[in-house]
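Taking it in order: structure first as structure tokens, then the write-up.
Just so we're clear, the structure is a prediction, and the values are computed from it rather than from any experiment. Each chain gets a letter, A, B and so on, in the order its sequence line appears, and its residues count up from 1.
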Protein chains: 2
Amino acid sequence: MASPRPTSDHPDELVTAPTRRPGGRSAAVRRRVLDAALAQLVQHGYDSLSIEVVAERSGVHRTTVYRRWRDVGGLLADVLNEAGADAWRPPDTGSLEGDLVAVNREVYTALTTDPVTVALIAASFRSERAARALSAFWAGRYDRCADITRRAVDRGEVPAGTDARRLLIATTAPLYHELVLLRAATDADLPDRVARSATTAARAGAFADP
Amino acid sequence: MASPRPTSDHPDELVTAPTRRPGGRSAAVRRRVLDAALAQLVQHGYDSLSIEVVAERSGVHRTTVYRRWRDVGGLLADVLNEAGADAWRPPDTGSLEGDLVAVNREVYTALTTDPVTVALIAASFRSERAARALSAFWAGRYDRCADITRRAVDRGEVPAGTDARRLLIATTAPLYHELVLLRAATDADLPDRVARSATTAARAGAFADP
DNA sequence: ATGCTATCGCTACAGCCGTAGCCTTAGCGA
DNA sequence: TCGCTAAGGCTACGGCTGTAGCGATAGCAT
């Protein structure tokens, strides 16, 4: 007996249930809802983001949104999945310090000027699915950033065996820590300073094997 | 006319309104409620923490809890204020690396075995007051940790001018980043490895002035 | 002791969240 | 073209959150 697809409305792994009718309507509903969610988020912040509001704004019925996304976290997880699938590539400035500074400036602006980023982090504490989506998003970014370390090793700037992930975390983590967790006063020089520290550390072999 | 104290039920700055009658009842209510909140948090996690439940558990009436703390964030902010006022001192092992490793192990256990810590972070995204209380708590901890750097400078382990805060952030931020934001698989060797990296970086002068 | 009043307890209510059940609509295949 | 049925729309409801108003109680000062 060919086991039929389980008909659960809320699959655990997939962010949005794959529709058996991908034609016009379902796709249109999804687009309208995701657009509405993002717009609401940008314009009025995370606290204003409720299923109620998104449904209203998108013109899709409340219960439909509940059925397909379950909660705000599910909505944002879906938004994130789209965002993570872009063609982003790490900067390539020709030097390790330049690359790390560039990365950190991107992170800095994302955290200070873009309400979406912090909203997604906040959502990840309230929804398991949003948390997974955010982890996946970041994993993709950090993977692509491995190129930065590879190039630095090739240029002889840092020891062979330097761990790309550790270096990248050392570069970006202090930014997240200061801005998101400690909520320190914003300091425009912070991203560059941290990136320079990480560069110095990497040159000293702080992220090589043992 | 002597202006009387404003009678707002929900002062913005103070976590708990100072009672004009500190005698038995108010204090007892506070104690019962905070104890109940912490117990509920430890036993059933953050998502289970509602005013409803805490009121039930403490035997204090729902509306009273709403009046004095307003929301879950206010409750946790009050819990935090008590926790931050303790006599905690940074470890003193005789070497920079030893001190940083010890600090990081504390952070690590707090993040992996103690549900309270992550719950407080989660709460800080939902409540301005909890966020401020958490910032204050951490500020106190980081201030006290400045001793670690001072001693290391005195011993000649790191250059004079090494910035205590930057060093401490570099040591602990990757832990928070991996465990809280990235939700990476827990790795018992992580705290030590990161602490050693930070030590190497500090010795190389990565956190000295410019 | 005794009155004053801050603080707590209680009831009632308005509003939002999330789900169930049923009906309607519109992709999709024949 | 036309039936089948997945998917969206609608209504109704139960539960939880947060507030208002009022009466009861117990610190505190005299």
Side-chain angles (χ1 to χ4, degrees), chain A residues 4-11 14 16-34 36-37 40 44 46-76 78 123 126-130, chain B residues 4-11 14 16-34 36-37 40 44 46-76 78 123 126-130:
Chain A
R5 176 112 59 94
T7 47
S8 158
D9 267 354
H10 294 304
L14 296 169
T16 307
T19 55
R20 295 189 208 186
R21 294 189 172 176
R25 195 156 71 150
S26 292
V29 163
R30 175 161 183 267
R31 187 93 318 275
R32 274 195 290 161
V33 168
L34 294 190
Q40 179 67 22
H44 299 97
Y46 177 64
D47 285 335
S48 78
L49 199 68
S50 67
I51 298 279
E52 192 81 30
V53 166
V54 172
E56 172 76 21
R57 205 174 164 137
S58 64
V60 172
H61 204 274
R62 214 162 60 85
T63 51
T64 298
V65 182
Y66 275 116
R67 262 195 291 256
R68 285 191 59 177
W69 290 276
R70 172 123 91 299
D71 55 25
V72 174
L75 269 177
L76 293 179
D78 205 1
R126 298 169 81 164
S127 155
E128 189 52 40
R129 291 153 81 207
Chain B
R5 177 113 58 96
T7 48
S8 159
D9 266 354
H10 295 305
L14 297 170
T16 306
T19 55
R20 296 187 207 184
R21 293 189 172 174
R25 195 157 71 149
S26 293
V29 162
R30 175 161 183 268
R31 188 93 317 276
R32 273 195 290 160
V33 168
L34 294 190
Q40 179 67 22
H44 299 98
Y46 177 63
D47 285 334
S48 78
L49 199 67
S50 68
I51 298 279
E52 191 80 31
V53 166
V54 171
E56 172 75 20
R57 206 175 163 135
S58 64
V60 171
H61 204 274
R62 214 161 62 85
T63 51
T64 297
V65 182
Y66 275 116
R67 261 195 292 256
R68 285 190 58 176
W69 290 276
R70 173 124 88 296
D71 55 25
V72 174
L75 268 177
L76 292 180
D78 204 1
R126 297 169 81 165
S127 155
E128 190 51 40
R129 291 153 81 207

### Query
Does the side chain of Tyr66(A) get closer than 4.0 angstrom to OP1 or OP2 of dT19(C) through an N or O atom?
no

#### Entry: Atom pair OG1 (Thr64(A)) and CZ (Arg30(A)), whose distance is rounded to the nearest 0.5 Å
15.5 Å

Tell me the interatomic distance from [X], atom [atom1], to [N], atom [atom2], rounded to whole angstroms.
X: Leu49(A); N: dC17(C); atom1: CG; atom2: P; result: 11 Å
X: Trp69(A); N: dG18(C); atom1: CH2; atom2: C1'; result: 16 Å
X: Glu52(A); N: dC17(C); atom1: CD; atom2: P; result: 5 Å
X: Ile51(A); N: dC16(D); atom1: CD1; atom2: P; result: 19 Å
X: Asp47(A); N: dC16(C); atom1: CG; atom2: P; result: 15 Å

### Message
Among residues at least two apart in sequence or on other chains, which ones pass side-chain hydrogen bond (donor to acceptor under 3.5 Å, both in side chains) with Thr63(A)?
### Response
His61(A)

### Student check: side-chain heavy atoms of Leu76(B) and Leu49(B) closer than 4.5 Å
yes

### Message
Within the structure provided, determine whether Val54(B) and Val72(B) are in side-chain contact (heavy-atom separation under 4.5 Å).
### Response
no

### Summary
Closest to the side chain of Arg68(B), out of dG18(D), dC17(C), dC8(C), is dC8(C)

### Exercise: identify the closest heavy-atom pair between Ser48(A) and Val53(A)
O-CG2, 3.8 Å

#### Entry: Residues which pass side-chain contact (heavy atoms from CB on, under 4.5 Å) with Ser127(A), listed by chain and number, not counting sequence neighbours
Asp71(A), Arg129(A), Ala130(A)

### Under 4.0 Å protein heavy-atom contact, by nucleotide of nucleotides 9-15 of chain C - B base, S sugar-phosphate only
BBBB---

